[in-house]
Q: 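Below is one structure. I have some questions about it.
Everything numeric in this text was worked out from a predicted model, so none of it was measured. By convention here, the first residue in the shown sequence is residue 1.
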Amino acid sequence: MPFSRSLRALMLLLWLSAPVSAATSTELLVSPTGQITQAGRSVQLRTPPQFIGTTLLLPLRETAALLGRSVQSSGTLLQVGRLVVQTSNRTMTIDDVPYAGELLLTPGGDPLVEARLLAYALDGQLVARPGGILSITAASQDVLTAPSTPTPGSGASATRPSPAPAAPQQAESGLPEARFATNKTSYAPGERVTYTDFSFDPEGLNLSRHWEGMSDVFFRPGEYRVTLVVTNSKGRVSAPFSRVIRVQGAAVNTPLSYALRNTPLGSTFPDPLNPAYPALTPTTQSGASFPLLFSDSPEAPSQSGILYQDRASGRVRVVAYHLNRLSKPARLYVLARPRTAGTSVQVLRGGSAGGTRVESVLGQVSVLDFLTDTGSPRQNLGTQGSTALYTSPLLAPEQGAKVLMDLQITGDADLSVVMLEEGRPLTDQTLRALPVLPPDAQHQRGTFPGAVRSLNVRLGSSPVRVTLGDSASDPALSGTDATTGAPQRLNGNYGVQYDITVETTVPGNTVASFVPRAGPYRGGLTVEDGQDRQIIRIPGSGVLTNGDLPLMLWRTQSRTFRMSFIPTGGSFLPVALVFYPALERFSPEAQTP
């Protein structure tokens with residue numbers, strides 16, 4: 001069939017969003033030679049049809065007139081149906097959406113447009129018939145319904161009312177077919193819409209999908225047209241398939257209550273009110289804690305050396321984050337050297353990442369690795385030399401590594417964080433020759449008491465926010481640089497573990513969300529709710545940036561649950577936890593005076 005490839009090549013199918021009316025005007029038949037027939041009579045056009053490749057173009061004014069539709073013009077602007085052509089700059093829009101299809105102009109300025117585009121703009125059909133004949137029709141003027149006022153519904157707009165779902169258009173042989181259904185035809189505002197997609201390809205090829213007007217929920221009454229077009233792996237495109245969803249009756253959800261009930265964990269939802277929620281200061285609880293040895297200065301050493309060093313015993317956390325700014329590859333090490341006989345070390349939990357220039361990736365992956373680790377067996381430290389507790393991948397210049405380790409040391413040991421260029425052996429002689437590198441002016445290092453901060457959050461019936469890492473409502477740790485004796489302040493409390501117990505005082509579901517406040521953030525935390533323990537990546541993918549889009553962390557019916565959070569290097573602090581207790585109060589009924 002001569003025109004089959006032109007039909008599937010049309011980019012129009014990406015924009016189709018209206019079904020075809022059953023009532024149509026006179027049919028025009030176009031032969032493979034471009035001859036036009038109407039009601040059995042041959043029609044001579046002043047401007048004959050033309051082809052670009054195998055794409056058929058028809059004169060806009062003459063064809064529309066034959067189909068019983070007039071073209072409105074104003075200067076170089078022409079409109080027929082839902083198609084607008086601007087001849088001065090050779091642009092076209094359909095339903096106010098730009099269309100980059102084929103367009104020809106006669107010497108007198110009359111446009112020729114794609115046959116399928118014209119049929120669609122006039123709510124008609126372009127159907128392939130035997131013998132290479134193309135049939136073009138348009139909806140009769142007297143059956144057209146004036147467009148309704150656009151009604152927003154979670155990203156979709158109401159279109160012309162339609163009393164019933166459209167039947168699928170007659171498909172060209174061999175094309176894939178788009179098909180879907182909804183579980184109902186009528187929904188209440190705020191009610192979830194369930195779609196069942198049963199599109200298929202005659203050859204069983206894989207399909208990609210393009211939806212127009214699709215939304216999981218609509219919040220305002222009206223009629224919404226949803227259209228699906230599918231494309232198979234050979235690039236063949238289906239005819240559009242549309243259904244109309246009617247939204248009416250009393251609302252069952254507001255946008256916020258719907259989001260709180262339905263947003264998947266690890267995904268964001270809109271709540272522009274969240275910055276204004278009252279701040280809640282948690283209660284700090286006493287509990288077992290231990291020192292934090294923090295090494296981030298000099299953050300990017302330009303020579304081999306000792307980055308931080310201190311004596312340790314018992315339980316201790318080591319956090320190190322550094323970039324290789326040497327002129328050659330290097331490795332980052334955490335070393336332990338015994339100070340007493342019989343000293344041993346067990347890694348209770350450890351996490352690391354290395355070999356990338358993306359600082360936020362180092363921070364997120366190392367924290368998630370730490371939160372999911374189960375530790376390693378105890379090892380005895382030899383009486384001579386140092387033992388490597390952590391060895392990074394080989395770091396090219398400007399690549400970095402991050403490590404977090406909770407250690408249990410029996411006896412006394414010197415812990416050292418070292419950057420050593422590749423090629424130098426990790427021996428006592430090499431280590432004794434390494435200098436302690438001076439700190440830089442922008443970052444911290446030191447030993448800080450309080451690697452774990454235990455907080456209690458008691459919720460009432462209204463949303464509240466808890467800010468972490470602002471060094472004001474959440475004070476920064478104070479410590480000492482053991483290599484220089486200088487006092488230190490750990491801004492942001494990077495590496496501190498926040499163990500947060502959340503208690504609700506009112507019955508009903510509670511939602512916990514995470515909000516960036518100072519810039520991009522990526523990390524993770526754990527939630528323990530009864531017997532359920534989950535690791536949650538922040539965010540599910542990419543980087544969290546928008547403070548008006550909280551990340552859904554947890555949804556619970558329990559009166560008490562627990563969270564463990566460690567601020568990650570390479571991300572910006574402060575951040576906020578926003579809690580929404582008693583979800584029932586967000587429903588439309590609860591907000592009606």
Side-chain angles (χ1 to χ4, degrees), residues 279-301 306-322 334 348-349 363 366-367 370 402-409 412-417 436-457 466-501 517-519 521 523 525 563-577:
L280 185 150
T281 301
T283 302
T284 302
Q285 297 184 326
S286 59
S289 190
F290 43 89
L292 167 62
L293 273 64
F294 186 81
S295 180
D296 186 33
S297 184
E299 185 173 271
I306 297 171
L307 303 167
Y308 188 62
Q309 188 175 67
D310 197 5
R311 182 175 180 175
S313 62
R315 180 80 177 265
V316 64
R317 174 170 296 166
V318 177
V319 176
Y321 171 72
H322 293 280
V334 176
L348 302 176
R349 189 164 55 169
S366 59
V367 164
F370 179 83
K402 171 78 178 286
V403 58
L404 299 88
M405 308 178 76
D406 275 0
L407 308 176
Q408 184 69 46
I409 303 174
D412 288 337
D414 288 327
L415 297 179
S416 302
V417 180
V436 176
L437 300 180
D440 60 38
Q442 292 80 37
H443 305 95
Q444 294 86 43
R445 71 183 183 192
T447 301
F448 302 88
V452 177
R453 182 166 288 181
S454 297
L455 304 176
N456 183 268
V457 174
V466 174
T467 301
L468 302 176
D470 65 347
S471 299
S473 61
D474 178 32
L477 291 183
S478 295
T480 303
D481 182 345
T483 64
T484 64
Q488 294 290 305
R489 190 167 182 264
L490 187 56
N491 295 324
N493 288 340
Y494 290 102
V496 172
Q497 179 175 320
Y498 291 84
D499 286 342
I500 305 168
T501 300
R517 281 285 168 244
Y521 191 92
L525 55 72
M563 311 172 74
S564 288
F565 170 69
I566 300 175
T568 56
S571 290
F572 288 84
L573 295 175
V575 297
L577 299 174

Q: Over all heavy atoms of both residues, which pair between Pro298 and His322 is shortest? Give the atoms and the distance, please.
A: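 Taking every non-hydrogen atom into account, O-ND1, 2.9 Å.
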Q: If you compare all heavy atoms of Lys402 against all heavy atoms of Gly363, which two are closest, and at what distance to 0.1 Å?
A: NZ-CA, 4.3 Å
Q: Under 4.0 Å between a side-chain nitrogen and a carboxylate oxygen: does that hold for Asp470 and Arg517?
A: no
Q: Taking all non-hydrogen atoms of both residues into account, name the closest pair between Glu299 and Tyr321 and its distance.
A: OE1-CE2, 3.5 Å
Q: Do you know the tightest heavy-atom contact between Ala451 and Ser289?
A: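 Scanning both residues, the minimum pair turns out to be N-OG, 3.3 Å.
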Q: Any non-hydrogen side-chain atom of Tyr498 less than 4.5 Å from a side-chain atom of Leu525?
A: no
Q: Salt bridge check: are Asp406 and Arg315 linked by an N-O gap of less than 4.0 Å?
A: yes
Q: Between Leu292 and Val452, does the side-chain contact (heavy atoms from CB on, under 4.5 Å) criterion hold? Intermediate values first, please.
A: CA-CA 9 Å; Leu292 167 62; Val452 177; over 6 Å; no
Q: Going by heavy atoms in the side chains, are Asp296 and Gln444 under 4.5 Å from each other?
A: no
Q: Are side-chain N/O atoms of Gln309 and Ser416 paired as donor and acceptor at under 3.5 Å?
A: yes
Q: For the OG atom of Ser564 and the CZ atom of Phe370, what is their distance to the nearest 0.5 Å?
A: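 Result: 9.5 Å between the selected atoms.
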Q: Which is it for Asp440 and Ser297 under the side-chain hydrogen bond (donor to acceptor under 3.5 Å, both in side chains) test, yes or no, and what are the steps along the way?
A: CA-CA 6 Å; Asp440 60 38; Ser297 184; 3.1 Å; yes
Q: Ignoring hydrogens and angles, tell me if any N or O in the side chain of Arg489 forms a donor-acceptor pair with the backbone of Ser471 under 3.5 Å.
A: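 Yes, Arg489 side chain to Ser471 backbone: donor-acceptor pair under 3.5 Å.
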Q: Please tell me if the side chains of Val316 and Leu415 come closer than 4.5 Å, counting only heavy atoms from C-beta onward.
A: yes
Q: Can you tell me how far CG of Asp499 sits from CZ of Arg453, rounded to the nearest 0.5 angstrom?
A: 12.0 Å
Q: Taking atom CG of Asp310 and atom CZ of Phe294, what is their separation to the nearest 0.5 Å?
A: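 So the CG of Asp310 and the CZ of Phe294 are separated by 14.5 Å.
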Q: Walk me through whether Tyr494 and Leu573 qualify under side-chain contact (heavy atoms from CB on, under 4.5 Å).
A: CA-CA 9 Å; Tyr494 290 102; Leu573 295 175; 3.6 Å; yes
Q: Taking side chain to side chain contact (heavy atoms under 4.5 Å, CB included) as the definition, give me every residue that meets it alongside Ser571, ordered by chain and number, with sequence neighbours left out.
A: Ser360, Tyr521, Arg522, Thr568
Q: Could you report the tightest heavy-atom contact between Val496 and Arg317, atom names first, then the distance?
A: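 Closest pair (atom of Val496, atom of Arg317, distance): C-NH1, 4.1 Å.
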Q: What's the shortest heavy-atom distance between Gly469 and Asp474, and which atoms?
A: N-OD2, 2.7 Å
Q: Just verifying a value: how many Å separate Ser313 OG and Gln408 CD, rounded to the nearest 0.5 Å?
A: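 The CD atom of Gln408 is 9.5 Å from OG of Ser313, to the nearest 0.5 Å.
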Q: Starting at CG of Asn493, measure out to CG of Leu468 and round the result to the nearest 0.5 Å.
A: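 With rounding to 0.5 Å, CG (Asn493) is 9.0 Å from CG (Leu468).
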Q: Does the side chain of Pro487 come within less than 4.5 Å of Thr480's, by heavy atoms?
A: no
Q: Got a sec, which residues hit side-chain hydrogen bond (donor to acceptor under 3.5 Å, both in side chains) with Thr483, two or more places apart in sequence or on another chain?
A: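 Thr483: side-chain hydrogen bond (donor to acceptor under 3.5 Å, both in side chains) contacts with Arg445, Asp481.
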Q: Does the side chain of Val403 come within less than 4.5 Å of Val318's, by heavy atoms?
A: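 Not touching, per the 4.5 Å side-chain cut-off.
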Q: Do side-chain atoms of Tyr308 reach the backbone of Ala482 as a donor and acceptor pair under 3.5 angstrom?
A: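 Checked: pair present.
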Q: What's the spacing between Leu293 CG and Thr447 OG1 if we round to 0.5 Å?
A: 4.0 Å
